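Here the structure is a predicted model, which means the values were calculated and not measured. Because only heavy atoms are used, hydrogens play no part in the values below, and waters and symmetry mates are left out as well, while side chains stay in. Residue numbers start from 1 in every chain, and the chains themselves are labelled A, B, ... in the order their sequence lines are given, proteins ahead of strands.
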Protein chains: 2
Amino acid sequence: MLSQIAASDDLVFFRPHQFLVRDNERPEALYDILEGWACRHRLLPDGRRQITALYLPGDLCDPLWSLSPYSHDAVVALTNVRAVRRPLNEAAGSDRGKATALRLVESVERQSNWLVSLGRKTAMERLAQLLLELFERMRRAGLAYGQQCALPLTQTDIADATGLTAVHVNRTLQAMRAKGVLDLHSKWLRIPDLSALRDLAALGHQDSL
Amino acid sequence: MLSQIAASDDLVFFRPHQFLVRDNERPEALYDILEGWACRHRLLPDGRRQITALYLPGDLCDPLWSLSPYSHDAVVALTNVRAVRRPLNEAAGSDRGKATALRLVESVERQSNWLVSLGRKTAMERLAQLLLELFERMRRAGLAYGQQCALPLTQTDIADATGLTAVHVNRTLQAMRAKGVLDLHSKWLRIPDLSALRDLAALGHQDSL
DNA sequence: CGTGGCCTTGAGTGACCTCAAGGTATGTGG
DNA sequence: CCACATACCTTGAGGTCACTCAAGGCCACG
């Protein structure tokens, strides 16, 4: 089929640390992530780094570009990434446009959750919330196995997403492991007690992740 | 004109602490803020509060509702608010729909800035960034006078927006006043040295606020 | 086998928090 | 015009969570 051929022509690959987009640039396309993880982040002049979004398999990078094809932040592959390029200008009324709008809503709501986390939660609550969110997303993508899933982030990445230092992430993860709510080891996440982890995350009124 | 009459029929008022929308509810309309300030926030079970957005005169509350008429967070008036109700379902292709899309992009980008602020900046940097952002927005709304503008937030509100405590906001504002970069007093903001304030905010690659 | 990335651990520090009291401003009712 | 209440701001003393700096261990990879 023609559309199949076109799709495979638009298949692209990225290596870890390779940019999907640099900061203050127009992205070339929307990327449908088929495999691998990427993140959007910003660097401060003195080297401090904040990750502002994570892209997992099944995610669209980035829904906002459908409204304004410009990125203030850089987007970088964290692992090997396989993706499909999609045109920036989708008809707003089309089925595809509507689907993109829904993804945009999701990603904005996730950003709000992160704001609450960074502004008002303790280190353990932030980690519980983040890992819970990522686990749920992996599950929805069909990539969780029971209470486990892959989690190919370094502790430094986790620190930059949660606004902590890598050292403190390390110690806090150990404490959570000692409590028996969570085990993150060599890029693999295990959640023995999901409801205990939910309690730890101090979710508030946030119904879904 | 008919449209004028319809517009004034849809004029609404809110008092301080009055809800424009409660959490996990469908808002009744989009609100075009004519006068006054409001905020979107979330409460954690133990009372911690994080403000996730501020709405100023000229702002639309909230652009995201045009894509999904549902609010996870509550929106509350901080002062007396005068606003115009606008229908939730705008045609995506219409001029008004396009304008709303642009406002949505702006508000999402501001959220990213806040993420960086909450995740990686010191108390003084966060305050510098927030007050700078609010000043620029007031200026764009035509509500700044030279280097001054109204700023009807309590120190507690500022604390809940920046992820600090009210006590620490108080002390940090005093320190900034002592440095001569900023003077916030009885709901009035004065910025003697704008470029010094910009430096303090550690903006990074963020070109606009 | 060396090298670089990542994880782990320890010791010391500091930015920000908590608790508590007092001060100031504004509005309300008598 | 005064008494009172309420909300907000200010200051002090003490505590703690998370940070910084530094060193060592464990890989995977060339």
Side-chain angles (χ1 to χ4, degrees), chain A residues 15-18 37 39 44 46-50 76-80 117-130 150-178 182-189 200 202, chain B residues 15-18 37 39 44 46-50 76-80 117-128 130-131 150-178 182-189 200 202:
Chain A
R15 298 232 146 248
H17 304 118
Q18 196 179 343
W37 291 39
C39 76
L44 298 187
D46 63 355
R48 281 174 287 178
R49 173 182 184 240
Q50 177 65 42
V76 177
L78 295 170
T79 65
N80 285 327
S117 197
L118 294 183
R120 287 302 184 208
K121 293 190 183 175
T122 65
M124 199 174 281
E125 289 166 344
R126 292 186 208 185
L127 288 173
Q129 156 133 9
L130 178 68
L151 207 144
L153 299 176
T154 67
Q155 293 184 354
T156 299
D157 294 329
I158 296 175
D160 288 339
T162 51
L164 302 166
T165 58
V167 171
H168 199 55
V169 166
N170 182 291
R171 291 196 236 261
T172 307
L173 285 176
Q174 286 180 53
M176 295 175 86
R177 183 144 159 246
L182 191 148
D183 185 11
L184 178 55
H185 228 66
S186 52
K187 318 293 187 208
W188 191 254
L189 173 66
L200 258 189
Chain B
R15 298 231 146 250
H17 304 118
Q18 196 180 343
W37 290 40
C39 77
L44 298 187
D46 63 354
R48 281 174 288 178
R49 175 182 182 238
Q50 177 66 41
V76 177
L78 295 170
T79 65
N80 285 326
S117 198
L118 294 182
R120 287 302 183 208
K121 293 191 183 175
T122 66
M124 198 173 283
E125 289 166 344
R126 291 185 209 186
L127 288 173
L130 178 67
L131 296 176
L151 207 144
L153 299 176
T154 67
Q155 292 184 354
T156 299
D157 294 330
I158 296 175
D160 287 339
T162 51
L164 303 167
T165 59
V167 171
H168 198 56
V169 166
N170 183 290
R171 292 195 235 262
T172 308
L173 284 176
Q174 287 179 54
M176 296 174 87
R177 183 143 158 248
L182 190 147
D183 185 10
L184 179 54
H185 228 65
S186 51
K187 319 293 186 205
W188 192 252
L189 174 65
L200 259 189

If you assign Asn170(A) and Ala123(B) each to the DNA chain C nucleotide with the nearest heavy atom, which residue ends up on the more 5' nucleotide?
Asn170(A)
Could you check whether Thr122(B) gets within reach of a base, just the sugar-phosphate, or nothing at all, counting any heavy atom under 4.0 Å?
sugar-phosphate
Backbone of [Y] reached by a side-chain donor or acceptor of [X] within 3.5 Å:
X	Y	answer
Lys121(B)	Ala202(B)	yes
Asp157(A)	Thr154(A)	yes
Thr79(A)	Trp37(A)	yes

Would you indicate, yes or no, if [N] has its OP1 or OP2 atom less than 4.0 angstrom from a side-chain nitrogen or oxygen of [X]?
X	N	answer
Thr165(B)	dC17(C)	yes
Gln155(A)	dT8(C)	yes
Gln174(B)	dC9(D)	no
Lys187(B)	dC9(D)	yes

Run the salt-bridge test on Arg120(A) and Asp46(B) with the 4.0 Å N-O cut-off and return the result as yes or no.
no
Rounded distance in Å - CG (Leu173(B)) to C1' (dC9(D))
11 Å
Which residue, Thr154(B) or Arg171(B), contacts DNA chain D at a nucleotide closer to its 5' end, judged by nearest heavy atom?
Thr154(B)
